[in-house]
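The model shown is predicted, which means the values in this text are computed figures rather than measured ones.
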Amino acid sequence: MRFVYTRPLDWHLKLGKRRDVVERPIDDELDLSGWELSKALTLTLGSNAVIAEWLQSPVTYVEDRAARQVLTDFAARALDRKSVSWHYLSLLRRQLSRLDAPGGGIRLKRFFYVLRPTLALRWMRLHDRPMPPMDMTALRSGAALSPDEADALDRLTLQKMAARERATGDAPDPVLFDLVARETAAAETWLASAPQPDRSALWGEAEALHRRLTLDPP
């Protein structure tokens with residue numbers, strides 16, 4: 001479970017650095033991690049892609065819908081496509097390096113960990129926006145896959161659904177590897193010349209948003 005939370009005003013007025021995260025050790029039933037609102041806003045201003053993923057999670061347990069919408073709208077304006085692209089490109093490379101199974105073949109589940117950042121990079125390239133959808137159906141729809149790419153992904157999805165959790169298999173359709181290679185190359189080329197925008201003007205807006213949600217939550 002991932003979440004953003006606020007503390008009462010007295011918490012902010014006390015001296016000394018105070019812990020701004022809530023975490024619990026991962027066990028078989030619970031994986032819990034939350035950020036205090038000021039930390040979440042600061043990371044958003046730094047174009048941390050994780051906060052965008054949290055805000056767009058298709059699975060929601062409890063929410064303040066108005067606060068979530070306000071934060072999502074702010075993130076859509078504050079995040080920088082260049083920094084988010086670096087995040088997904090690094091994730092793609094890391095997962096690709098772990099794809100081969102020790103006994104041969106590839107880890108089927110891990111290939112989807114390669115495909116998601118690949119589709120995120122494609123979505124951002126096509127839309128020139130920094131918040132690719134977390135929902136896989138929406139991400140696929142916005143990535144404008146060719147019929148061959150869509151068919152190959154559908155076949156791989158069915159194969160994964162019928163397999164065990166840690167199943168391995170033969171290499172997926174080459175069209176999917178071509179997709180990964182093309183989007184990797186496109187991202188690298190764009191990042192080599194993309195300017196780093198100045199986000200400093202958004203600090204005042206973030207501070208006002210922090211005060212508003214802390215003192216007068218929706």
Phe3 vs Leu32 side-chain heavy atoms within contact, under 4.5 Å: yes

Exercise: identify the closest heavy-atom pair between Val175 and Asp148: CG1-O, 3.9 Å

Working for side-chain hydrogen bond (donor to acceptor under 3.5 Å, both in side chains), residues Thr60 and Arg68: CA-CA 11 Å; Thr60 302; Arg68 181 177 184 173; 2.8 Å; yes

Side chains of Met1 and Ser33 in contact at under 4.5 Å (non-hydrogen atoms): no

Arg199 side-chain N/O to Gly46 backbone N/O, donor-acceptor pair under 3.5 Å: no

Sidechain N-carboxylate O distance under 4.0 Å for Arg212, Glu205: no

Side-chain heavy-atom pair Leu121, Ser85 within 4.5 angstrom cut-off: yes

Nearest heavy atoms of His87 and Ala49, plus distance in Å: CD2-CB, 3.4 Å

Stepwise side-chain contact (heavy atoms from CB on, under 4.5 Å) check, Leu176 with Leu156: CA-CA 10 Å; Leu176 294 179; Leu156 186 64; 3.9 Å; yes

Arg81/Asp128 salt bridge by N-O under 4.0 Å criterion: yes

From Met136 atom CE to Ser141 atom OG, the distance as rounded to the nearest 0.5 Å: 12.0 Å

Gap between atom CZ of Phe111 and atom CZ of Arg107 - 0.5 Å precision: 14.0 Å

Whether Thr214 side chain and Arg211 backbone form a donor-acceptor pair below 3.5 Å: no

Thr72 and Met131, any side-chain heavy atoms less than 4.5 Å apart: yes

Nearest heavy-atom neighbours spanning Thr44 and Ala75: CG2-CA, 3.8 Å

Under-4.0 Å salt bridge between Glu188 and Arg93: yes

In one Ile/Leu/Val/Met/Phe/Trp/Tyr side-chain cluster, 4.5 Å: Met134, Leu89: no

Leu115 vs Val180 side-chain heavy atoms within contact, under 4.5 Å: yes

Joint hydrophobic cluster, Trp11 plus Tyr5, side-chain heavy atoms closer than 4.5 Å: no

Least distance between heavy atoms, Arg19 atom then Glu23 atom: NH2-OE1, 3.0 Å

Passing candidate, side-chain contact (heavy atoms from CB on, under 4.5 Å) with Leu37, options Thr6, Asp20, Leu209: Thr6

Heavy-atom side-chain contact between Arg140 and Asp154 under 4.5 Å: yes

Residue pair Leu213 / Ala67: nearest heavy atoms and the distance that separates them: CD2-CB, 4.4 Å

Considering all heavy atoms, the nearest Tyr88-Pro132 contact: CE1-CG, 3.9 Å

Atom pair CD1 (Ile51) and NZ (Lys39), whose distance is rounded to the nearest 0.5 Å: 10.5 Å

Joint hydrophobic cluster, Leu79 plus Leu126, side-chain heavy atoms closer than 4.5 Å: no

Side chains of Leu41 and Phe74 in contact at under 4.5 Å (non-hydrogen atoms): yes

Any donor-acceptor pair under 3.5 Å from Arg122 side chain to Ala143 backbone: yes

Derivation and outcome, side-chain contact (heavy atoms from CB on, under 4.5 Å), residues Thr157 and Phe112: CA-CA 9 Å; Thr157 300; Phe112 284 90; 3.7 Å; yes

Interatomic distance, Arg182 atom CZ to Thr118 atom OG1 [nearest 0.5 angstrom]: 10.5 Å

Face-on cation placement of Arg2 at Trp35 ring, 6.0 Å and 45° thresholds: no

Pairwise distance CG(Leu179) to CG(Leu153) - rounded to 0.5 angstrom: 8.5 Å

Heavy-atom side-chain contact between His210 and His12 under 4.5 Å: yes

Arg7/Glu36 salt bridge by N-O under 4.0 Å criterion: no

Gln56 and Asp135 side chains, donor-acceptor separation under 3.5 Å: no

